[in-house]
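These notes are about the structure you will find just below.
Numbering starts at 1 and runs along the sequence shown.
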Amino acid sequence: MKIYDLSQPLNERSSFWPYYPPFEVKYIKRKAEHGVNAQYIMTSNHMGTHLDAPRHFVTAGKTIDELPLEWLCGPGVIVDLRDEMDELAVYTPQMIEKRVQVKSGDLLLLHTGWHRYADFGATPDEERYYHYHPGAHPDLVPWLLEKKIHVWGVDCVSTDHPMNLPIGRFLGKGMHGQCDKVRAKAEQKFGGKAAVDKMFPDSAYQLTHNALFPKDCIHIENLGGEIEAPELQNKRLIVGCFPWKFKGGEAAFCRTVAFMGEWTI
């Protein structure tokens, strides 16, 4: 069985979610003085490859340590959507189902190709990675629930489309105006203001978080690593998502991997 790492690197160079604190690290002991190297970190949970638990959006939702292990490792798929993904693209159930069979309860990983713009990607571009990434079409929400999927993930900074996030709604309003630039591009792409307002209404703000987390359908964000290995594309395989056992955690950094081989119990 071959193992593939689908995780992005993370350190103090990593860009961070707007309005969240950055990743900070320093040495508190050094080998020459103390006989050992030891580091101290301070960070939010929402950087690098990480898993959101229901508690992130649900007051009494499950925390990281309460997630059943069977949600975190088992049969799944990696879906290669790169040929239909560009700036502000939406991915739909139809795009997924025409490429690979998704079974009930699968771990579902979507490969949009956007990880190449992340800090340690092949062509880093922080603004493009954060402001113009693909996101979920509204139809994906009922489809995920129908498929009884508990964990899915994307190689983007969020599962939600920028127009359902601060990025497209109020980021930099009155200052740098990033949201105005994103909205202008969205209106150009989708056919004007009315079309954008219809697809991304106020009620759909952070849609995949607000609509799915109460139903115990959660996600991994910032996938990367070996996700573009040719042998993984549109294949059924074994997927593992391994966060630390964070008691009370609303999210946690995780190592996400794919196993090529037969799943047996």
Within the 3.5 Å criterion, strictly below it, is a donor on Thr92 or Asp139 matched to an acceptor on the partner's side chain?
no

Tell me if the CD atom of Gln94 is crowded by more than 12 foreign heavy atoms within 6.0 Å.
yes

May I ask you to check whether Ser7 and Asp5 show a side-chain donor-acceptor distance below 3.5 Å?
yes

Using the ring-ring contact (aromatic ring centres under 6.0 Å, His included) rule, take Tyr91 and His137 through it: C-alpha gap first, then chi angles, then the decisive distance, then the call.
CA-CA 6 Å; Tyr91 41 81; His137 187 280; 9.6 Å; no

Would you say CD of Glu127 has more than 12 non-hydrogen atoms from neighbouring residues, nucleotides or ligands within 6.0 angstrom?
no

Side chain to side chain contact (heavy atoms under 4.5 Å, CB included) test vs His115 passes for just one of Val157, Ile227, Thr49, Asn222, namely Ile227

Under a 4.0 Å N-O cut-off, is there an ion pair linking Lys235 with Asp80?
no

Whether Glu33 and Lys29 form a salt bridge (side-chain N of Lys/Arg under 4.0 Å from carboxylate O of Asp/Glu) is what I want to check.
no

Check whether any side-chain heavy atom of Lys245 lies under 4.5 Å from a side-chain heavy atom of Ile64, and answer yes or no.
no

Check Glu226 with Lys2, please: is the shortest side-chain N to carboxylate O separation under 4.0 Å?
no

Grab the two heavy atoms, one from Pro134 and one from Met85, that are nearest each other, plus how far apart they are.
CB-SD, 3.6 Å

Taking the six-membered ring of Tyr132 as reference, does the NZ or CZ atom of Lys185 fall below 6.0 Å from its centre and within a 45° cone about the axis?
yes

Just say parallel, tilted or perpendicular for the rings of Tyr20 and His46, cut-offs at 30° and 60°.
perpendicular

Exam field: side chain Arg116 to backbone Gly113, donor-acceptor pair closer than 3.5 Å:
yes

Is it true that the side chains of Glu250 and Asn45 contain a donor and an acceptor less than 3.5 Å apart?
yes

Pairwise side-chain contact, Thr208 with His219, heavy-atom cut-off 4.5 Å (strictly under):
yes

Quick check: does any side chain N or O of His133 sit under 3.5 Å from a backbone N or O of Arg128, one acting as donor and the other as acceptor?
no

Check whether any side-chain heavy atom of Lys247 sits under 4.5 Å from a side-chain heavy atom of Thr63, and report yes or no.
no

Ion pair check, Arg236 and Asp106, cut-off under 4.0 Å:
yes

Audit row: Ile149, Val102, side chain to side chain contact (heavy atoms under 4.5 Å, CB included) steps and yes/no
CA-CA 10 Å; Ile149 288 172; Val102 179; 4.0 Å; yes

For Ala251 against Asp52, the heavy-atom pair lying closest together:
CB-OD1, 3.7 Å

Could you walk me through whether Asp180 and Lys173 pass the side chain to side chain contact (heavy atoms under 4.5 Å, CB included) test, one step at a time?
CA-CA 7 Å; Asp180 298 321; Lys173 196 74 175 175; 2.8 Å; yes

I'd like to check Pro166 versus Pro18 (side-chain heavy atoms, cut-off strictly below 4.5 Å). Are they in contact?
no

Please indicate whether Leu69 has more than 12 foreign heavy atoms, meaning atoms of other residues, nucleotides or ligands, lying under 6.0 Å from its CG.
no

Measuring from atom CG of Asp216 to atom NZ of Lys148, what distance do you get when rounded to the nearest 0.5 angstrom?
13.5 Å

Transitive ILVMFWY side-chain link Leu171 to Trp114, under 4.5 Å:
yes

Contact check, side chains of Glu70 and His150, non-hydrogen atoms, under 4.5 Å
no

Do Ile218 and Leu51 make a side-chain contact, defined as non-hydrogen atoms from C-beta onward lying under 4.5 Å apart?
yes

Salt bridge between Lys189 and Asp86, side-chain N to carboxylate O under 4.0 Å?
yes

Atom OG1 of Thr256 and atom CD of Gln8: how far apart are they, to the nearest 0.5 Å?
10.5 Å

Side chains of Val25 and Tyr27 in contact at under 4.5 Å (non-hydrogen atoms):
no

For Tyr205 and Phe200, what are the C-alpha separation, side-chain angles and deciding distance, and is it a ring-ring contact (aromatic ring centres under 6.0 Å, His included)?
CA-CA 8 Å; Tyr205 183 64; Phe200 308 106; over 10 Å; no

Between Asp202 and Arg169, is there a side-chain N and carboxylate O pair less than 4.0 Å apart?
yes

Are Trp17 and Met163 in one and the same hydrophobic cluster, where Ile, Leu, Val, Met, Phe, Trp and Tyr link if side-chain heavy atoms are under 4.5 Å apart?
yes

Distance-only, no hydrogens or angles: does the Arg30 side chain make a donor-acceptor pair with backbone N or O of His34 under 3.5 Å?
no

Consider only side-chain heavy atoms of I, L, V, M, F, W and Y, link residues closer than 4.5 Å, and tell whether Trp244 and Leu223 are in one cluster.
yes

Test: Arg82 and Asp155 ion pair at under 4.0 Å:
no

Rounded distance [0.5 Å steps], CD in Glu221 versus OG in Ser158:
4.5 Å

Can you tell me how the ring of Phe23 sits relative to the ring of Phe253, calling it parallel under 30°, perpendicular over 60° and tilted otherwise?
tilted

Stepwise, does the side chain to side chain contact (heavy atoms under 4.5 Å, CB included) test hold for Glu97 with Trp143?
CA-CA 11 Å; Glu97 290 187 314; Trp143 180 82; 3.0 Å; yes

In short, Phe259 meets Gly240 closest at the heavy-atom pair CE1-N, 4.2 Å

Same apolar cluster: Val182 and Tyr117, side chain cutoff 4.5 Å:
yes

Taking all heavy atoms of Gly248 and all of Asp65, pick out the closest pair and write down the distance.
N-OD1, 2.9 Å

Please report the interatomic distance NZ(Lys98) to CG(Asn234), rounded to the nearest 0.5 Å.
10.5 Å

Could you walk me through whether Lys31 and Val36 pass the side chain to side chain contact (heavy atoms under 4.5 Å, CB included) test, one step at a time?
CA-CA 4 Å; Lys31 175 70 173 172; Val36 63; 5.8 Å; no

Could you state whether Trp71 and Val58 fall into the same hydrophobic cluster, counting links through intermediate Ile, Leu, Val, Met, Phe, Trp or Tyr residues with side-chain heavy atoms under 4.5 angstrom apart?
yes

With rounding to the nearest 0.5 Å, note down the distance linking CD1 in Ile78 to CG in Leu232.
4.5 Å

Nearest heavy-atom contact between Ser14 and Phe120 is OG-CE1, 3.6 Å

So, does Asn164 use its side chain to make a donor-acceptor pair with the main chain of Gln206 at under 3.5 Å?
no

With rounding to the nearest 0.5 Å, note down the distance linking CD1 in Ile96 to CG in Leu81.
6.0 Å

Please find the pair of heavy atoms, one from Leu140 and one from Ala136, that lie closest to each other, and give the distance.
CD2-CB, 3.8 Å

Looking at side-chain heavy atoms only, is the closest gap between Pro138 and Leu207 below 4.5 Å?
yes

Regarding Gln233 and His111, do their side chains bring together a donor and an acceptor under 3.5 Å, going by distance alone?
yes

Audit row: Gln178, Tyr130, side chain to side chain donor-acceptor pair (under 3.5 Å) steps and yes/no
CA-CA 10 Å; Gln178 293 101 328; Tyr130 274 78; over 6 Å; no

